[in-house]
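Each chain gets a letter, A, B and so on, in the order the sequences are listed, and its residues count up from 1.
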Number of protein chains: 2
Amino acid sequence: MKSTIKDVAKKANVSIATVSFVINDSKPISEETKNRVLKAIKELNYHPSKSAISLVSGKTGNIGFILTDDHFLRTEPFYTTIFLGTEFEARSEGYYILLTSIRPDFSEEDPLPRFILNKSVDGIIIAGKIPHTLIERISAYKLPTVFIDYIPPTNNYPLVLIDNIQGALLATNHLINLRHTNIAFIGGDIGHPSLSHRLYGYKQALENANIPVKNNLIVVDAKYPDRQHGFNSAKKLFSKNKNVTAVFACNDAMAIGVLHYLNDNGYKVPQDVSLVGFDDVEADIMLHPPLTTIRVPKIEMGVEALKLIVNSVKSKKSLPKKVLVPVELIVRESTSLCKTK
Amino acid sequence: MKSTIKDVAKKANVSIATVSFVINDSKPISEETKNRVLKAIKELNYHPSKSAISLVSGKTGNIGFILTDDHFLRTEPFYTTIFLGTEFEARSEGYYILLTSIRPDFSEEDPLPRFILNKSVDGIIIAGKIPHTLIERISAYKLPTVFIDYIPPTNNYPLVLIDNIQGALLATNHLINLRHTNIAFIGGDIGHPSLSHRLYGYKQALENANIPVKNNLIVVDAKYPDRQHGFNSAKKLFSKNKNVTAVFACNDAMAIGVLHYLNDNGYKVPQDVSLVGFDDVEADIMLHPPLTTIRVPKIEMGVEALKLIVNSVKSKKSLPKKVLVPVELIVRESTSLCKTK
DNA sequence: ACAAACTCGTTAAACGTTTAACCAAAATTT
DNA sequence: AAATTTTGGTTAAACGTTTAACGAGTTTGT
């Protein structure tokens, strides 16, 4: 039933080598025979066996994709969207993605992802912050690796990063342009470079505008930047500072938490408080008002990561290229002109 | 660097066949040689080449997992959690999962997932409702297939289903036990068997309790059961029916939409209206009050699906077994005794 | 006109496993 | 003690590709 290269060769009246050359056009073949072969391939509905190719080439044609359980399952489809971008690009490149998640508290004893142990991938994409012990143990396998949205401690990997500083500048400047001066920053998980860069950009924007940076307007002690922590941080912020007129949250998840707090406590958004998020996860269409935020091109990030990894797989010399994807301010209805009374 | 079976054989002073027999224990080998081989394997850090095994066995060791984009990206981590269960079980069974998503409006011209065309999977798991044209085209490839949470038109596949009727009975009976009689049902996408079964169970529970089923309390015209549609359906329901004291929403997403509507419009939950969801997606920890719902064992569903598919892959005769996973009522704070005035 | 260089192919080895067929030695049966 | 079975192993073919090495015709250069 299943046809092989041999069947094609027989049908086209050529050797199997010729068929191979036609498929990969790795050697010049006359138009005429080429067509005969192509025709035979079509008629037999022939598809090369991946295992045979793998065996002889030493490549698997697979790329491993690693993220933590919580990133995979979190409400805001951030990393999953990135994954989709990777999968999408993998299709055109002829690769398969092996997705696996690990526990965020991955420890020394936990086993590495199978595809690494069994060498069933040619390269690895790691999305988001993952435990350093895992990074070290993976690096022993000398597999091409690229990181998405995270800067690993030993910084000689290809990276796909968000232009976080630029994004934070855009967000904060937007608020400054709306005449706000008491602008708070709500963040979390400061160990993550993305989030600390956003804080940095926030400070930078204030300084550029000659607005003093006040530490009591910066709440960054949340362990994880999700809605619940956004809510809690907002509570902490507003119970001590009544004069805050604008909040820049380090991501949409926390911004949504802030919004809930504000709604619950009689603050009107944007009349009383303007609010800007980051990521544009389009999480909750129910949100009112719709959130002004910084759009991150998630699909493109996945695409870029796959391109990078394919590159280092193919050309053994992997120069640790960094791709900084651009961001964009999306103004919706959660921000408005500051009413200085 | 990479060691092969040959290296192991040499080191252990046996033939490669013996090594193979030890690995798969497919033939009796004396304890002594077995230990020698095992030792050599460990020392060389030998891992069998998957491609070589694939080539000779004709099996790929991969399972394809298909769902629609919107299911993959939706805010409530329902199908993604199921996927995680599948991935988890695949690890212990030694399989890899190839995840791919398709557009919900998959049409005749769209290409099938690559892993089907290239025969790089031994079987397929399909999660959630997918277009019938896709099902038909896949079936031509005669690959073992199991469906999760969907009943395909040609019903001779192994299936992993939720005990939806039981769940709907539990939910509705819970409300009836709380003395509610004006119990509404909010649903959507009635073409999905899961959701129509939930409606069925709702009606059944009312009939069992001798409560008349009123059509104006049943809103099922939503196209897709998400938050936004839940919100809209609630609006439709409550603007016409002021005396509704309880709502059973066909899933948590719609329930959350209903809750938003109620909160926005001055209804207190559960004091004025009791609300029950379905799925227990733990989507929004911010929700107040926390939602009474029907827990669906999502991880277990993924595990069961993988077991089924491995079964039909291994034993060519795949009897179309159906697995009905049990559900459980989780009482939280969105339901309370009806205050009949 | 003859060597040199292309062009378009073919042959056969190699990749790393599994497994059918075979076999020697030891154990068991008669 | 001879015949038979069991035990524990080996040899070699097969799986479906890629690719190095080779070669027969044809073209080009002088």
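Here D/dA20 presents its P atom at 13 Å from CG of A/N24, a figure rounded to the nearest Å. We find that CG of A/D25 is positioned 16 Å from C1' of C/dT7, with the value rounded to whole Å. If you measure from atom CG of A/N118 to atom C1' of C/dG16, you get 15 Å, rounded to the nearest angstrom. The nearest whole Å value for the distance from the CD1 atom in A/I23 to the P atom in D/dT17 is 7 Å. Atom pair A/I53:CD1 and D/dC15:C1' shows a separation of 14 Å (rounding to whole Å applied).
A cation-pi arrangement is absent between A/R74 and A/Y79 under the rule of less than 6.0 angstrom and at most 45 degrees off the ring axis. A cation-pi geometry, defined here as NZ or CZ lying under 6.0 Å from the six-membered ring centre and within 45° of its normal, holds between B/K27 and B/F21.
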Practice item. Would you please test B/V22 and B/L38 for side chain to side chain contact (heavy atoms under 4.5 Å, CB included) and show each step? Key: CA-CA 8 Å; B/V22 169; B/L38 257 23; 3.5 Å; yes
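Taking every heavy atom of both residues into account, B/L55 and A/A52 meet most closely at CD1-CB, 3.8 Å.
Residues of residues 28-43 of chain B that place a heavy atom closer than 4.0 Å to DNA chain C do not occur. Shown for residues 5-15 of chain A: residues whose heavy atoms fall under 4.0 angstrom of DNA chain C, namely A/V14, A/S15.
Each of B/L55 and B/F21 was assigned the nucleotide of DNA chain D with the nearest heavy atom; the assignment lying further toward the 5' end belongs to B/F21.
At most 12 heavy atoms of other shown residues, nucleotides or ligands fall within 6.0 angstrom of atom NZ in B/K10.
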